Amino acid sequence: MLEEEVVKALKQADVEAFVSELEAPAEAKYGDVAYPCFKLARQTGKSPNELAKEITEKIRIPEKSSLASAEVVGGYVNFFFDWEKLAGKVLQDALEKHYGRAEKIKKEKIMVEFSQPNPVHPMHVGHARTTFLGESLSNILELQGHKVFRTNYMNDVGLQVAKLVTAYNLWGKGKEPKGKPDFWLWQYYVKFHEESKSNPELEQQAHENLKKFELEKDKAISKIWKQITKWCIQGFEETYKKVGIKFDEYFFESEFRDDGKKLVDKLLKNNFAHKTDDGAIVADLEKFGIPSTVILRSDGTGLYITSDLGLTAHKFSKYKLNKSIWVVSSQQNLNFKQLFKLLELLGYSWYKNCFHVSFEHVVLPEGKMSSREGRAVMLDEVIEALTKSALKEVKKRDKKLSEEKAKEIAEKIAIGALKYSVVRIEPNDQIVFDWNQMLSFTGNTGPYLQYAHTRCAGILERSGNFLQEFSVDKISSEEKNLLKQIMMFPNVISQSAKEMKPHIVCNYLYELATIFNNFYESVPVLKSEGSMKNFRLTLVQATKNVLRIGLNLIGVEAPDKM
RNA sequence: GCCCGCGUAGCUCAGUUUGGAUAGAGCAGCUCCCUUCUAAGGAGAAGGUCGAGGGUUCAAAUCCCUCCGUGGGCACCA
């Protein structure tokens, strides 16, 4: 909106400019919006600086405009906003409960599938990435005004479950989990891989069990199978509860395999796939520039992609989705390409509304994690260490706090630190898990943002009731910087939603917190007086609201005290 | 071999889609600031051949080409 005013002002100075050509100046002192004259200089043969001067001289800022002035620096025409005039509108907006909601977009039904832990071992820090990224993306889309379905998908029929079932039958039959069930079952999973090194028959047994379960629908195997996955999911739910994550729906692969097989048949009938000599069915994708892939095993059992065909069709028909998003690691980039191509070949027009949000792995300093070899840092373990460490810090700061209250705050800090540390990284970057960094509560961390929020809360608590004030005669640079950052929030949200990259919100919030801390250090609020005081209090309120909304977007709670 | 991601300060990362002003943070180390709205904070100094080499451009971390390093994928794992 302000950019449009700049474009208008330029037009009156005989310059045809577009909003997209405008830039944010490198430093605040240069102004609020810049128009670089280099391109035009080239066209007209003038020097950029000369041209910038000419343009600036011609510019007449209208009386009621939100622009204050224009200045020349080098080859730039720098515009300054009239912040005294703008402040009111910015503050009004920022105090809204759902500040950041997109106004002019089509509201869609969007399904976000994320987390998808294998029900054979506990979630490790690698799962944290899909889980927190998915949650955050969901929150962002929801804030924008979309209807979001958060779903989790359990691969409860794969070979890996067959392996666990085989192991349980051999070494744990009849036993019930002791402690957290996903951890308890993990031992059997690890043992299976250990033993199968010297005993290749185990692999065969697992395949046999898979056939019994999937094709023969063997009752005895099914019972154990279901029990085991149920136990594992119970373990997951405990973890989800700790990190405050809820799903609208769980999908189970076992329920979509048969649907998928029907679609495999259809692909075969329509000559998009062929049967090999040994009976496997292969989708022919080479002519589309994609490697071909097996979509049904020669023994008749399905694969991951088989079920996903069925499930995706189900998603779109049952929920009438406009979009379906999968938050899954980059390891499966090719598989999603293949899946989406197959859906296209099946004639589903919605195939173009399928999006794979890919991210790189979390690795340990010593290399890749391996759950089957028992070498992984588990999510519960990290949460526990963080909570313990946070509790120590909380108690150090406020010795009068009750144990219960201290624990409550420590948990918020721990989860905040965890989620922020994961979500803030650009998804295409690999994350190297580092305990020291994970346990840090200073600098660019979740607690830093939470702390800025508590500072706001502290001021407002001490101030008591006050009259909101939206205008002020003279604004300081610290106040201006804050307003400017607050004003950008909706743009940041829509960019983050458009690119499906929650880390953009993290970066924004870190900047907001830094700018606020700056304001906090140099602008007295409670010690100021009259309307100035009320204006600053209103500004603090607005900042607090944006921090709260933003933190919640990444699944982090904003405490008033810490 | 082919396809995809990544390579920016000692370490961990923003910035690259849409080329612009002296390349930004945090951590670690150094110097300061708590009788002041909570120091989980702030100020300052130091730290960079933006993997390498070419090219395009008035202007390249950003675009193009080649190469190197690294992680992942490439038919019955998921």
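Here is how names work: the chains are called A, B, and so on, in the same order as the sequence lines, proteins then strands, and each is numbered from 1. In this text the structure is predicted, and so the values were computed from the model without any measurement.
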Inset, instruction - By nearest nucleotide on RNA chain B, pick out whichever of T301(A) and D429(A) is the more 5' one. - result: D429(A)
Inset, instruction - On RNA chain B, check which nucleotide each of V73(A) and V394(A) is closest to and give me the residue with the more 5' one. - result: V73(A)
Inset, instruction - Check M500(A) against L137(A) and note the closest heavy-atom contact, atom names and distance. - result: CA-CD1, 3.7 Å
Legend entry - Least distance between heavy atoms, V120(A) atom then C232(A) atom: N-SG, 3.6 Å
I want to check one thing: is the phosphate of [N], taken as OP1 and OP2, less than 4.0 Å away from some side-chain N or O of [X]?
{"X": "H503(A)", "N": "G15(B)", "value": "yes"}
{"X": "R297(A)", "N": "A78(B)", "value": "yes"}
{"X": "R424(A)", "N": "A25(B)", "value": "no"}
{"X": "H207(A)", "N": "C77(B)", "value": "yes"}
{"X": "N333(A)", "N": "C74(B)", "value": "no"}

Inset, instruction - If the plane angle is over 60° it's perpendicular, under 30° parallel, otherwise tilted; pick one for Y250(A) and F252(A). - result: parallel
Compare the minimum distances between each of [options] and the side chain of [X], then state the nucleotide with the smallest one.
{"X": "L159(A)", "options": "A78(B), G41(B), G5(B)", "value": "A78(B)"}
{"X": "E426(A)", "options": "C74(B), A14(B), G71(B)", "value": "A14(B)"}
{"X": "I413(A)", "options": "A75(B), A40(B), G42(B)", "value": "A40(B)"}
{"X": "A26(A)", "options": "A40(B), A21(B), G26(B)", "value": "A21(B)"}
{"X": "V525(A)", "options": "C74(B), A40(B), C37(B)", "value": "C37(B)"}
{"X": "T442(A)", "options": "G71(B), C27(B), A75(B)", "value": "C27(B)"}
{"X": "L334(A)", "options": "G42(B), C74(B), A78(B)", "value": "C74(B)"}
{"X": "Y304(A)", "options": "G42(B), U18(B), A78(B)", "value": "A78(B)"}
{"X": "K527(A)", "options": "A39(B), U36(B), A40(B)", "value": "U36(B)"}
{"X": "S298(A)", "options": "C37(B), C76(B), G42(B)", "value": "C76(B)"}

Looking at every strand, decide which applies to [X] at a 4.0 Å heavy-atom threshold: base, sugar-phosphate, or nothing.
{"X": "K368(A)", "result": "sugar-phosphate"}
{"X": "D278(A)", "result": "base"}
{"X": "Y448(A)", "result": "sugar-phosphate"}
{"X": "G74(A)", "result": "nothing"}
{"X": "V432(A)", "result": "sugar-phosphate"}
{"X": "E23(A)", "result": "base"}
{"X": "Y510(A)", "result": "sugar-phosphate"}
{"X": "Q43(A)", "result": "nothing"}

Distance, [atom1] atom - from [M] to [N], rounded to whole angstrom:
{"N": "A43(B)", "M": "U66(B)", "atom1": "C1'", "answer": "47 Å"}
{"N": "G10(B)", "M": "G47(B)", "atom1": "C1'", "answer": "9 Å"}
{"N": "C74(B)", "M": "A59(B)", "atom1": "P", "answer": "45 Å"}
{"N": "A23(B)", "M": "A60(B)", "atom1": "C1'", "answer": "12 Å"}
{"N": "C27(B)", "M": "U16(B)", "atom1": "C1'", "answer": "24 Å"}
{"N": "G26(B)", "M": "G42(B)", "atom1": "P", "answer": "8 Å"}
{"N": "C68(B)", "M": "A21(B)", "atom1": "P", "answer": "32 Å"}
{"N": "G7(B)", "M": "C63(B)", "atom1": "P", "answer": "11 Å"}

Legend entry - In C11(B), glycosidic geometry as syn within 90° of 0 or anti otherwise: anti
Atom pair distance, as rounded to whole Å: [atom1] in [X] and [atom2] in [N]:
{"X": "Y420(A)", "N": "G26(B)", "atom1": "OH", "atom2": "P", "answer": "12 Å"}
{"X": "I431(A)", "N": "G7(B)", "atom1": "CD1", "atom2": "P", "answer": "14 Å"}
{"X": "N517(A)", "N": "A40(B)", "atom1": "CG", "atom2": "P", "answer": "11 Å"}
{"X": "H274(A)", "N": "A75(B)", "atom1": "NE2", "atom2": "P", "answer": "14 Å"}
{"X": "M438(A)", "N": "C27(B)", "atom1": "CE", "atom2": "P", "answer": "17 Å"}
{"X": "L439(A)", "N": "C27(B)", "atom1": "CG", "atom2": "C1'", "answer": "13 Å"}
{"X": "L449(A)", "N": "G26(B)", "atom1": "CG", "atom2": "P", "answer": "13 Å"}
{"X": "L339(A)", "N": "A78(B)", "atom1": "CG", "atom2": "P", "answer": "14 Å"}

Side-chain ion pair, [X] and [Y], N-O less than 4.0 Å:
{"X": "E253(A)", "Y": "R257(A)", "answer": "yes"}
{"X": "E54(A)", "Y": "K46(A)", "answer": "yes"}
{"X": "E393(A)", "Y": "R397(A)", "answer": "yes"}

Inset, instruction - Go through the side-chain N and O atoms of N517(A) and Y451(A) and say whether any donor and acceptor fall under 3.5 Å apart. - result: no
Legend entry - Modelled atom types, side-chain donor and acceptor of Y420(A) and N444(A), under 3.5 Å: yes
Ignoring hydrogens and angles, answer whether the base of [N] and the side-chain atoms of [X] contain a donor-acceptor pair closer than 3.5 Å.
{"X": "N78(A)", "N": "A21(B)", "value": "yes"}
{"X": "N507(A)", "N": "A25(B)", "value": "no"}
{"X": "Q430(A)", "N": "U70(B)", "value": "no"}

If pairing requires Watson-Crick or G-U wobble contacts with both distances under 3.5 Å, which nucleotide is the partner of [N]?
{"N": "C2(B)", "value": "G73(B)"}
{"N": "C63(B)", "value": "G55(B)"}
{"N": "G7(B)", "value": "C68(B)"}
{"N": "G44(B)", "value": "C30(B)"}

Legend entry - Reading 5' to 3' through nucleotides 57-62 of chain B, protein heavy-atom contacts under 4.0 Å coded B for base, S for sugar-phosphate only, - for none: -B----
Inset, instruction - Check whether any side-chain heavy atom of D299(A) lies under 4.5 Å from a side-chain heavy atom of K211(A), and answer yes or no. - result: yes
Legend entry - Heavy-atom side-chain proximity of Q160(A) to Y189(A) below 4.5 angstrom: yes
Inset, instruction - Would you please indicate yes or no on a ring centroid separation below 6.0 angstrom for F355(A) and W326(A)? - result: no
Legend entry - F489(A): partners by ring pair (Phe, Tyr, Trp, His ring centres under 6.0 Å), with sequence neighbours left out: Y99(A), Y508(A)
